[in-house]
Trainee: 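The structure that follows is given in the form of structure tokens.
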Amino acid sequence: MELQITGQNIDVGPKVRQHVEKRLGNLDHHLPMLKGGKVEIVEEATKSKEQRHVVQVTLEVNGTVIRGEERGPDLFTAIDKVAD
């Protein structure tokens, strides 16, 4: 499965890419018709530090769009929450 990972207001380095691929890379085992997905990582300038990092995952399976979005105080927490 191929994941397209993009960042807005944040640098998506190799460590972040590796973590995303580790947490979301096995989705094709659960969804065999899944060819790929899009992961958008955003750092927002909010007053609440608990909601600063946003991770959005969009998948298309057999014409059906599956989308998940989670927020967290740090990037890795948000990635883990959206993966679950």
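For clarity, every value in this text was computed on a predicted model and none was experimentally measured. Side-chain atoms are counted along with the backbone in the values below, which use heavy atoms only and exclude waters and symmetry mates. Index from 1, following the sequence.
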Trainee: How long is the span from the CD atom in Glu21 to the CG atom in Asn26, to the nearest 0.5 Å?
Mentor: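 These two atoms lie 12.0 Å from each other.
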Trainee: Assigning hydrophobic clusters by single linkage (Ile, Leu, Val, Met, Phe, Trp, Tyr; side-chain heavy-atom cutoff under 4.5 Å), is Val42 placed with Leu3?
Mentor: no
Trainee: Evaluate the side-chain proximity of Phe76 to Lys15: yes if any heavy-atom separation is below 4.5 Å, no if none is.
Mentor: yes
Trainee: Is there a donor-acceptor contact under 3.5 Å linking the side chains of Asp74 and Thr77?
Mentor: yes
Trainee: Would you indicate whether Gln18, at its atom CD, is surrounded by more than 12 heavy atoms from other residues, nucleotides or ligands within a distance under 6.0 Å?
Mentor: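 Check fails, neighbour count at 12 or below.
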Trainee: Measure across Arg71 and Glu44 and return the closest heavy-atom pair with its distance rounded to 0.1 Å.
Mentor: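 Looks like NH1-OE1, 2.8 Å.
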Trainee: So, for Glu70 and Ala78, which heavy atoms are closest and what is the spacing to 0.1 Å?
Mentor: CB-O, 3.9 Å
Trainee: Is any side-chain heavy atom of Glu40 less than 4.5 Å from a side-chain heavy atom of Gln8?
Mentor: no
Trainee: Run the numbers on Glu69 and Val54 for side-chain contact (heavy atoms from CB on, under 4.5 Å), then give the verdict.
Mentor: CA-CA 7 Å; Glu69 177 180 314; Val54 182; 3.8 Å; yes
Trainee: Is Val82 reachable from Val65 through a run of I, L, V, M, F, W or Y residues, each pair having side-chain heavy atoms under 4.5 Å apart?
Mentor: no
Trainee: What are the two closest non-hydrogen atoms of Gly37 and Leu59, and how far apart are they?
Mentor: CA-CD2, 3.8 Å
Trainee: What are the two closest non-hydrogen atoms of Ile41 and Ile10, and how far apart are they?
Mentor: O-CG2, 3.8 Å
Trainee: Could you tell me if the side chain of Val55 sits less than 4.5 Å from the side chain of Leu75, heavy atoms only?
Mentor: yes
Trainee: How far apart are the closest heavy atoms of Val12 and Val16, and which atoms are they?
Mentor: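 Heavy atoms of Val12 and Val16 come nearest at CG1-CG1, 4.0 Å.
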Trainee: Given the rule in the side-chain contact (heavy atoms from CB on, under 4.5 Å) test, do Asp80 and His19 qualify, once you have shown the distances and angles that lead to the verdict?
Mentor: CA-CA 9 Å; Asp80 291 341; His19 189 73; 2.8 Å; yes
Trainee: I'd like to know if Asp84 pairs up with Arg23 as an ion pair, taking the criterion as any Lys NZ or Arg NE/NH1/NH2 lying under 4.0 Å from an Asp or Glu carboxylate oxygen.
Mentor: yes
Trainee: Under 4.5 Å between any side-chain heavy atoms of Leu34 and Ile66, yes or no?
Mentor: no
Trainee: Are any of the side-chain nitrogens in Glu60 or Lys38 under 4.0 Å away from the carboxylate oxygens of its partner?
Mentor: no
